[in-house]
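Only one structure is covered here, and it is reproduced in the block below.
Counting begins at 1 with the first residue of the sequence.
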Amino acid sequence: QVQLVESGGDLVQPGGSLRLSCAASGFSLDDYAIGWFRQAPGKAREGVSGINSDGSSYYADSVRGRFTISRDGAKNTVYLKMNSLKPEDTAVYFCAAAQMYGGNWFILSGESFYDYWGQGTQVTVSA
């Protein structure tokens with residue numbers, strides 16, 4: 001059974017850091033493009049970052065320089081390291097997997113590009 005499970009969400013103070021994990025079962029993440037999305041209350045889901053099977057990575061302007069996406073094939077997991085967190089980063093964070101190669105951010109940030117989705121993990125940035 002194909003499954004993506006996110007973890008690592010938490011309550012953190014502004015300026016703090018978190019590392020989110022996206023663990024896959026039922027398939028190898030090595031062959032997929034992986035995207036991280038987030039949805040804040042009352043807002044549409046938006047793309048945060050994406051990484052292709054070749055390691056090429058992309059970021060939304062709002063997180064570039066603060067967030068880093070990476071993958072660990074041995075653990076079949078993709079990570080999102082988030083530094084210098086701001087209250088506006090508060091959202092439910094989702095990971096998604098796509099069998100195709102996403103050649104640019106426009107593609108990787110599109111929800112319809114992805115085949116599988118996780119259930120999300122809550123990140124709250126507050127003093």
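In this structure, Ser21 OG and Glu6 CD are separated by 10.0 Å, a value rounded to the nearest 0.5 Å. Taken to the nearest 0.5 Å, the NZ atom of Lys43 stands 8.5 Å off from the CD atom of Glu88. Glu46 CD to Ser109 OG: the interatomic distance, rounded to the nearest 0.5 Å, is 10.0 Å. Atom CG in Asp89 sits 12.5 Å away from atom OG in Ser126 (nearest 0.5 Å).
Sorted by first then second residue, the disulfide (SG to SG under 2.5 Å) pairs that include residues 54-127, not counting sequence neighbours, are Cys22-Cys95.
When every heavy atom of Ala33 is checked against every heavy atom of Phe113, the shortest pair comes out as CB-CE2, 4.0 Å. Residues Gly50 and Trp105 share a closest heavy-atom pair of N-CZ3, 3.7 Å. Contact detail for Phe37 and Ala96: the closest heavy-atom pair is CE1-CB, 4.5 Å. Taking every heavy atom of both residues into account, Ala127 and Pro14 meet most closely at N-CD, 3.6 Å.
Looking only at distances, a side-chain donor or acceptor of Asn104 sits under 3.5 Å from a matching main-chain atom of Ile107. Looking at Thr77, its side chain does come within 3.5 Å of a backbone N or O of Lys75 through a donor-acceptor pair. Between the side chain of Arg66 and the main chain of Ser84, a donor-acceptor pair closer than 3.5 Å is present. Panel note: side chain Asp115, backbone Gln99; a donor-acceptor pair is recorded below 3.5 Å.
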Stepwise side chain to side chain donor-acceptor pair (under 3.5 Å) check, Ser53 with Asp31: CA-CA 6 Å; Ser53 56; Asp31 301 326; over 6 Å; no

side-chain contact (heavy atoms from CB on, under 4.5 Å) assessment of Arg19 paired with Ser7: CA-CA 9 Å; Arg19 188 181 76 164; Ser7 62; over 6 Å; no

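Phe106 and Tyr58 sit in two unconnected hydrophobic clusters of ILVMFWY residues. Membership requires side-chain heavy atoms under 4.5 Å apart, directly or through other members. Hydrophobic clustering, with ILVMFWY side chains joined whenever heavy atoms are under 4.5 angstrom apart, keeps Leu108 apart from Tyr79.
For the pair Arg45 and Phe94, the cation-pi criterion (under 6.0 Å, within 45° of the ring axis) is fulfilled.
For the residue pair Tyr101 and Ser56, a side-chain donor N or O sits within less than 3.5 Å of a side-chain acceptor on the partner. Side-chain N/O atoms of Asn83 and Ser17 include a donor and acceptor closer than 3.5 Å.
In the hydrophobic clustering, Val12 connects to Val2, Leu4, Leu18, Leu20, Phe27, Leu29, Tyr32, Ile34, Trp36, Val48, Ile51, Tyr59, Val63, Phe67, Ile69, Val78, Leu80, Met82, Leu85, Tyr93, Tyr116, Val123, Val125, either directly or through intervening members, whenever side-chain heavy atoms lie under 4.5 Å apart.
Remark: Thr124 engages Gln122 in a side-chain hydrogen bond (donor to acceptor under 3.5 Å, both in side chains) (not counting sequence neighbours).
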